[in-house]
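Everything on this sheet refers to the single structure shown next.
Just follow the structure's listing: the first ligand is 1, and inside any ligand the first atom is 1. Everything numeric in this text was worked out from a predicted model, so none of it was measured.
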Amino acid sequence: MKITVVGSGYVGLVTGACLAEVGNDVLCLDLDPRKIATLREGGIPIYEPGLEDMVRRNAAAARLRFTTSVEEAVEHGTIQFIAVGTPPGEDGSADLQYVVAAARNIGRYMDGYKLVVDKSTVPVGTADRVRAAIAEELTARGLKLHFDMVSNPEFLKEGAAIEDFMRPDRIVIGADSEQARDTMRQLYRPFQRNHERLIVMDVRSAELTKYAANAMLATRISFMNELANLAELLDADIEQVRQGIGADPRIGYHFLYPGVGYGGSCFPKDVSALRRTAAEHGMEMQLLGAVEQVNALQKQRLVNKVERHFGADLCGRHFALWGLAFKPNTDDMREAPSLDIIDGLLARGATVTAYDPVAIHEAKKLLGERIRYAANPMAALDGADALLIATEWKEFRSPDFEAIRAKLRQPLIFDGRNLYEPAAMRELGFDYEAIGRR
Ligand SMILES: NC(=O)C1=CN([C@@H]2O[C@H](COP(=O)(O)OP(=O)(O)OC[C@H]3O[C@@H](n4cnc5c(N)ncnc54)[C@H](O)[C@@H]3O)[C@@H](O)[C@H]2O)C=CC1
Ligand SMILES: O=C(O)[C@H]1O[C@H](OP(=O)(O)OP(=O)(O)OC[C@H]2O[C@@H](n3ccc(=O)[nH]c3=O)[C@H](O)[C@@H]2O)[C@H](O)[C@@H](O)[C@@H]1O
């Protein structure tokens with residue numbers, strides 16, 4: 001099939017590469033000429049395991065191409081995926097300007113049937129706005145061309161994006177026309193391994209499903225974070241509690257880890273956008289308000305622990321920070337809890353040296369020279385009063401504790417990701433504070 005993907009960021013690039021991988025003829029559009037130049041030269045602008053190889057392989061086979069030409073992009077695909085950003089606006093609602101601009105471009109240049117598929121995360125009713133924008137452009141051109149509109153929200157996780165796209169739990173399709181549903185079934189056939197993964201519904205329900213999923217996951221995390229904080233007060237151990245409740249299949253083990261709060265480009269903005277949508281309809285989503293409040297407090301949790309140990313004035317103190325990305329296997333720094341931790345430490349007068357396997361480049365764009373950066377985990381420790389851990393990269397799981405002890409001014413670790421066993425750490429002579437651990 002001939003497919004255009006509008007927007008070549010995390011979602012657009014993964015969608016384009018995976019659809020090309022199964023044999024489609026894909027053209028990815030982005031308005032950022034540097035992004036397209038990098039992609040054309042065989043590089044990729046983001047860190048995502050497996051993506052670079054997949055992009056190169058399919059580009060070499062000429063199944064995956066890149067352009068900045070809107071006209072060429074609209075002309076190419078019978079299916080036009082919209083995968084542009086929907087960042088939070090000032091009032092917390094989703095800013096739809098990029099989605100609407102992409103839709104207008106389709107209306108401006110289409111000259112035959114198009115199936116327009118929205119993959120961006122958008123509030124309920126956006127498909128109607130997209131449809132109206134395309135129709136307006138067609139009317140301005142004096143044309144009456146048929147097009148269909150589908151909502152196909154994306155559920156991939158950064159760091160596991162290829163795996164999630166190639167082997168999805170489910171593929172949600174919101175469509176009103178039989179022709180659109182059939183085309184989407186055909187398109188996704190290669191991704192359905194041994195059972196039906198397509199869940200077909202109406203457009204508005206599909207749009208809401210995306211927010212419901214992210215809001216539910218964010219709620220789980222805030223719940224576990226609050227419970228972990230309670231466990232500390234009660235001298236109970238959240239890890240044992242996690243295992244105890246996770247064994248119930250109605251709860252499950254996944255996504256039950258307390259930490260330093262959820263970050264990333266999606267949970268924060270999607271929870272806020274869903275609350276905003278509800279507010280526009282006169283409803284206050286009280287639970288989600290609490291989810292956000294708990295998350296904001298949790299992002300301060302590690303700094304509060306540092307403060308309890310050293311006092312509120314951290315002038316003259318120096319800290320090592322392991323992990324900058326909002327989670328492992330990505331270089332994405334959007335809403336990363338490490339930023340709140342760094343802000344908190346610097347505001348109290350401390351200095352920080354941070355290490356991250358892949359996110360330093362992105363972090364420098366946000367933090368510049370406010371902190372120092374180390375080339376490896378051990379180098380970050382030199383002269384530090386304590387080690388703080390903000391991201392659970394695999395390489396932090398089994399470090400040389402003797403070497404850590406030798407480098408730190410005192411054997412003190414504040415672990416925001418519960419990587420180590422507290423009892424074992426005590427035996428090694430560490431003062432070890434984690435989240436909800438005893
Ligand atoms: N990042 C993620 O893990 C996931 C993101 N989503 C959703 O997917 C959407 C895209 O997110 P990301 O890929 O992270 O965003 P991104 O910011 O990485 O990429 C968006 C791209 O669209 C381009 N763009 C903007 N307007 C354009 C236009 N009119 N024509 C062509 N290109 C245009 C931008 O230059 C940028 O490269 C958002 O709605 C997000 O909520 C959904 C699931 C997962
Ligand atoms: O809409 C989106 O963009 C995506 O948002 C999330 O994916 P992502 O933001 O890439 O990362 P997650 O793995 O969900 O982690 C989000 C945050 O929650 C935190 N988290 C996650 C799991 C957990 O048990 N505890 C916890 O604190 C992570 O550290 C991270 O800061 C969802 O998991 C995806 O399904 C969704 O498609």
Side-chain angles (χ1 to χ4, degrees), residues 4-16 28-36 38-39 45-46 48 66-70 73-74 80-88 94-106 118-123 126 152-161 164-165 168-170 172 210-211 213-218 220-225 228 242 246 252-271 273 295 298-299 323 325-330 332 334-338 390-392 416-418 435:
T4 291
V5 182
V6 182
S8 306
Y10 280 92
V11 168
L13 194 53
V14 171
T15 301
C28 287
L29 168 73
D30 206 287
L31 301 184
D32 180 347
R34 277 175 313 171
K35 229 175 226 189
I36 294 299
T38 306
L39 288 162
I46 49 172
E48 182 61 47
F66 303 97
T67 188
T68 51
S69 161
V70 172
V74 176
Q80 299 270 321
F81 274 98
I82 297 180
V84 299
T86 47
D95 180 351
L96 293 176
Q97 61 168 310
Y98 305 104
V99 171
V100 172
R104 289 205 175 278
N105 283 340
I106 294 171
D118 176 56
K119 230 184 202 321
S120 297
T121 301
V122 293
T126 302
N152 170 214
E154 181 50 57
F155 298 98
L156 66 79
K157 302 182 287 299
E158 289 179 19
D164 287 348
F165 196 99
D169 304 320
R170 80 298 209 186
V172 170
K210 173 65 199 178
Y211 284 101
N214 276 0
M216 167 75 93
L217 292 169
R220 259 173 96 93
I221 296 169
S222 275
F223 176 79
M224 285 308 286
N225 282 334
R242 186 187 71 80
Y253 292 109
H254 292 301
F255 245 79
L256 222 48
Y257 293 95
V260 279
Y262 60 77
S265 66
C266 292
F267 286 176
K269 88 167 165 56
D270 291 348
V271 171
N295 198 53
Q298 199 67 16
K299 286 183 163 185
F326 82 96
K327 65 173 205 174
N329 299 325
T330 181
D332 200 336
R334 289 180 281 187
E335 306 267 348
S338 66
T391 317
E392 67 277 33
R417 296 296 184 171
N418 290 358
I435 306 291

Quick test: of every protein heavy atom, which one is nearest to [atom], and how far off is it to 0.1 Å?
atom: atom 44 (C) of ligand 1; answer: Leu156 O, 3.5 Å
atom: atom 13 (O) of ligand 2; answer: Lys327 NZ, 2.9 Å
atom: atom 16 (P) of ligand 1; answer: Gly9 CA, 4.0 Å
atom: atom 14 (O) of ligand 1; answer: Arg334 NH2, 3.3 Å
atom: atom 10 (C) of ligand 1; answer: Val84 O, 3.3 Å
atom: atom 23 (C) of ligand 1; answer: Asp30 OD2, 3.2 Å
atom: atom 20 (N) of ligand 2; answer: Ile221 CD1, 3.4 Å

Answer yes or no: does an N/O atom from [X] fall short of 3.5 Å to an N/O atom of ligand 1?
X: Asn105; result: no
X: Asp32; result: no
X: Lys269; result: yes

Of all the heavy atoms in Arg104, does at least one lie under 4.0 Å from an atom in ligand 1?
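It does not; every heavy atom stays at 4.0 Å or beyond.
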Is ligand 1 less than 4.0 angstrom away from at least one heavy atom of Lys157?
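Lys157 does not count as a contact of ligand 1 under the 4.0 Å cut-off.
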If you look at every heavy atom in Lys327 and Thr391, which pair is closest and at what distance?
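For Lys327 and Thr391, the tightest heavy-atom pair comes out as C-CG2, 3.4 Å.
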Would you tell me which option among Tyr257, Tyr10, Tyr253 has the nearest heavy-atom contact to atom 24 (O) of ligand 2?
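Answer by nearest heavy atom: Tyr257.
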Option whose closest heavy atom lies nearest to atom 31 (O) of ligand 2, chosen from Gly323, Gly263, Ala325, Ala218
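Considering heavy atoms of Gly323, Gly263, Ala325, Ala218, the nearest to atom 31 (O) of ligand 2 sits in Gly263.
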So with a 6.0 Å cut-off around CZ of Phe223, is the heavy-atom count from everything else above 12?
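12 or below, so no.
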Under 4.0 Å from a heavy atom of [X]: give me the atoms of ligand 2 that qualify, with their elements.
X: Arg417; result: 27 (O), 29 (O)
X: Glu158; result: 10 (O)
X: Leu256; result: 24 (O)
X: Glu154; result: 37 (O)
X: Asn214; result: 1 (O), 2 (C), 5 (O), 32 (C), 36 (C)
X: Lys210; result: 1 (O), 2 (C), 36 (C), 37 (O)

Looking at Tyr10, which atoms of ligand 1 are within less than 4.0 Å of one of its heavy atoms?
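Per the distance check, 1 (N), 13 (O), 14 (O), 18 (O).
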Answer with yes or no whether Gly264 contacts ligand 2, where contact means a heavy atom under 4.0 Å from a ligand atom.
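So Gly264 does not count as touching ligand 2.
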N/O to N/O below 3.5 Å, does that happen between Phe326 and ligand 2?
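Yes - when backbone and side-chain N and O of Phe326 are compared with those of ligand 2, one distance drops under 3.5 Å.
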Which one holds for Thr121 and ligand 2: side chain close, backbone close, both close, or neither close, with close meaning a heavy atom under 4.0 Å?
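Looking at Thr121 and ligand 2, no heavy atom falls under 4.0 Å.
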